[in-house]
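Just so it is clear, the values below take in all heavy atoms, side chains as well, and ignore hydrogens, waters and symmetry mates. In each ligand, atom 1 is the first atom listed, and ligand 1 is the first ligand listed. Along the sequence shown, residues are numbered consecutively beginning with 1.
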Amino acid sequence: MTPTRTLREPLERLYREFDYGARVGRDALQFPLRYADPRDREIVALLTACLAYGRVDLFGRELDGALRAMGASPFRFVIDFELARDARAFDGFRYRFNRPPDLVAFCVAAREILLRHGSLEKCFTAGDPDGRGPIGPALERFARAFLEADLRLVFPRGRRSRGYRHLFPLPSAGGPCKRLHLFLRWMVRREPPDFGLWTAISPARLLIPVDTHVENISRAIGLTRRRSRNWRMAEEITGRLAAIDPADPVKYDFALCHKRMSGDCLDRRDATVCAPCGFKPVCRHWKGGVRRATAGT
Ligand code: SF4
């Protein structure tokens with residue numbers, strides 16, 4: 001794998017020089033950013049992250065409709081949610097695995113949690129009593145709070161729908177849990193484009209949300225050699241990044257993800273696209289570069 005000392009400079013430069021403003025409008029965090037009240041932003045951030053599988057423009061269209069149905073204050077909508085009155089609010093919602101009852105169940109569970117704890121942050125910290133160590137157990141308890149909420153009125157036969165279960169992946173299943181880590185990054189990191197609303201959790205404990213873009217570029221620049229995108233890959237990449245910035249290892253996530261997503265990295269050797277890239281000296285696609293470049297490969 002690429003030595004840390006050779007990754008530090010290009011990673012720091014990418015983080016410092018990245019044009020965040022140009023990309024925020026194409027990122028899922030545009031949805032919670034619409035809300036100034038931290039209580040609205042928190043609940044919208046969770047709903048957005050839960051649905052953030054697939055392309056932003058595709059799930060964003062459906063999410064837009066759901067947010068319109070929730071009115072000016074999604075927090076108030078959830079707190080005041082009454083099944084008999086509000087269950088039809090999401091009629092027409094369709095996004096891949098998810099259907100209207102999944103969003104209804106989200107509101108019922110979120111209401112129960114908010115009434116018990118006061119905020120999603122307090123729910124999370126209730127399951128994180130030490131406030132240190134690996135984030136996995138606390139994230140598991142947070143996801144379980146939603147999965148194990150009383151949803152008998154939404155799912156009368158007692159079995160949560162596949163779509164609802166898909167909203168809350170469990171760390172114990174070993175997957176990367178990208179959407180939950182994304183939610184945590186938004187809430188915990190103190191610097192833009194993230195919100196820094198959850199002050200009880202240290203950014204040093206976060207794991208990187210590994211999607212296909214982060215996976216590809218991480219492999220290209222030698223942050224991981226793992227073949228499977230899973231929890232251990234997220235730990236490995238984060239561990240490499242923590243060797244560069246232990247206080248805030250996932251700060252590079254947005255820029256790495258968008259560099260790949262925007263086409264500024266094609267995950268292959270391309271003389272034009274790669275020309276300005278600071279990772280060229282460490283990129284696996286340019287290993288043995290001079291000879292292969294001369295050959296025009
Ligand atoms: S050198 Fe090219 S392929 Fe490698 S990370 Fe940079 S843009 Fe991507």
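At least one cation-pi condition fails for Arg189 and Phe195: the charged atom is not both under 6.0 angstrom from the six-membered ring centre and inside a 45 degree cone around its axis.
Ionic pairing of Glu12 and Arg8 is not present here: no N-O contact between side-chain nitrogen and carboxylate oxygen is shorter than 4.0 angstrom. Of the charged side-chain nitrogens involved, none lies within less than 4.0 Å of a carboxylate oxygen, so that Glu62 and Arg94 do not count as a salt-bridged pair.
Around atom 8 (Fe) of ligand 1, protein N, O or S atoms at less than 2.8 Å comprise Cys265 SG.
Take Arg61 and apply the side-chain contact (heavy atoms from CB on, under 4.5 Å) test, not counting sequence neighbours, and it matches Leu58.
Listed by atom number, the atoms of ligand 1 under 4.0 Å from Trp286 heavy atoms are 1 (S), 2 (Fe).
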Q.
Run His181 and Trp186 through ring pair (Phe, Tyr, Trp, His ring centres under 6.0 Å) and show every step you take.
A. CA-CA 9 Å; His181 291 310; Trp186 291 343; over 10 Å; no
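A donor-acceptor contact closer than 3.5 angstrom links the side chains of Asn98 and Tyr53.
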